[in-house]
Undergrad: 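Okay, here's the structure, questions in a sec.
Whatever order the structure lists them in is the order used to number ligands and atoms, beginning at 1. Treat the numbers as computed from the prediction; the structure is a model and nothing was measured.
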Amino acid sequence: MRAVDIIAKKRDNILLSDEELKGFLESYLSGETTDYQMSAFLMAVYLNGLSEHELKTLTQTMRDSGELIKLNGVERFLIDKHSTGGVGDKTSIALAPLLSVFGIGTAKMSGKGLGHTGGTLDKFEAIPGFKFPATEEDMVKTIEHTGIGIMGQTENVVPLDKKLYALRDVTATVSSYPLIASSIMSKKLAVRSDGIILDVKVGDGAFMKNLADAQKLANIMRGIGEMFGRKVHIVLSGMEQPLGDGIGNGLEVYEAIESLKGNGPKDFEKLITTITGIALVQKGDVSSIEEGVKLAEEKLHTGEAVKALRDFVEDCGGDPSYIENPEKFLTATYTLDVKAEQDGYIASLMAEKVGNSAMLLGAGRETKEDEIDHAVGIVLKKKVGDKVSKGDTLAIMHYNQKNQKLEDAIALLSGAYGYSDSLVKTPEVILDIQ
Ligand code: URA
């Protein structure tokens with residue numbers, strides 16, 4: 001069938017057969033179908049959606065468009081934890097070592113960050129010498145030795161998603177539930193795992209701004225996982241305010257290590273112990289998430305997880321002394337306290353503004369080409385629900401350059417805080433588990 005006929009069918013909401021959709025997608029990957037034809041098709045999908053069967057065909061065709069990471073020879077139970085991205089989200093850095101303590105391996109690909117949310121790759125690269133395993137073979141070695149398998153994204157895995165995503169980005173078709181769900185799940189399904197845990201962030205600093213939208217996306221993603229026979233759990237977690245206290249690459253690795261020693265922020269601990277509890281259910285070690293969380297809490301501060309992280313960093317060429325002495329991450333030339341402008345309770349702390357403020361200091365990229373500064377960022381001292389008096393320190397900025405961007409970053413961070421005269425409840429980090 002001609003490309004124009006496929007587009008017309010989708011425009012008119014007529015179901016596409018497996019062969020039609022697969023053939024159309026493959027002809028786009030080979031260059032036969034043009035960008036302008038695919039743009040029209042994506043807009044038709046955006047407006048009319050996809051049937052369950054079409055969604056499966058799209059996901060499967062994307063998954064099979066490149067290499068599959070099979071991790072042959074790995075015997076551990078493998079979890080792929082994926083976050084939809086948020087401010088201060090250093091979850092993988094602490095979670096993967098904690099899972100390893102329970103004999104659970106992690107298998108995931110991670111990339112660089114763009115915009116106000118950071119990438120796990122950038123965070124680990126705050127450690128001198130660190131390079132993610134570049135090949136499947138190297139990843140198998142780190143999983144076998146340390147339980148931690150995180151690899152950099154490669155061009156060869158799910159190339160169709162990369163091509164489609166770039167087009168969606170410039171045709172206003174990113175924010176479509178079936179397109180987001182199939183894009184994320186095709187990447188999860190391309191890597192071997194026994195269980196998938198999706199941490200869908202909800203709120204100001206996230207892709208999904210409210211719980212109902214996030215639940216809708218979560219349901220579609222779980223449905224796709226189940227169509228492919230994977231165990232999938234979805235955690236909906238709050239992103240109205242940043243996760244934890246540190247925002248910025250080195251500062252986030254610092255916080256992840258401190259959390260594994262018992263010195264972490266409560267919201268961050270809650271998230272990593274909850275996800276570990278779910279992983280233990282998926283593995284079959286416990287029969288309820290609560291039971292799993294209890295075991296995770298007992299192991300969180302024993303130091304075993306820090307040892308796994310240290311070994312992983314060393315295997316990846318990084319300097320392990322940074323894990324042993326995490327204060328080595330605190331290298332920004334200057335610090336500055338941002339103070340409360342009035343008495344009251346912190347009623348809001350807008351995650352996106354905090355993320356953008358850290359980006360102005362150099363912690364994130366505005367464009368793909370930007371270099372990041374691993375030392376800079378923000379440490380929050382007050383968060384939603386805290387009582388403050390005028391002049392109290394709300395946050396500490398770590399920075400290396402005194403320029404206009406610093407002034408803008410200070411203004412943005414001050415403006416991220418909202419106050420109330422009456423008591424404000426500390427928000428829950430876990431909003432729902434599905
Ligand atoms: N993240 C993805 O990987 N794909 C999307 O479509 C949106 C967010």
Undergrad: Distance to the ring centre below 6.0 angstrom and angle to the axis at most 45 degrees; does that hold for K163 and Y28?
TA: yes

Undergrad: With distance as the sole criterion, is a donor-acceptor pair present between the side chains of E54 and T57 under 3.5 Å?
TA: no

Undergrad: Ion pair present between E352 and K209, side-chain N to carboxylate O less than 4.0 angstrom?
TA: yes

Undergrad: A side-chain contact here means heavy atoms from C-beta on lying under 4.5 Å apart; do L361 and K405 qualify?
TA: no

Undergrad: Between E26 and S30, is any side-chain donor less than 3.5 angstrom from a side-chain acceptor?
TA: no

Undergrad: Is it the case that over 12 heavy atoms from other parts of the model lie below 6.0 angstrom from the NZ atom of K307?
TA: no

Undergrad: Any idea which residues sit under 4.0 Å from ligand 1, heavy-atom distances?
TA: Y165, R168, I180, S183, I184, K187, F207

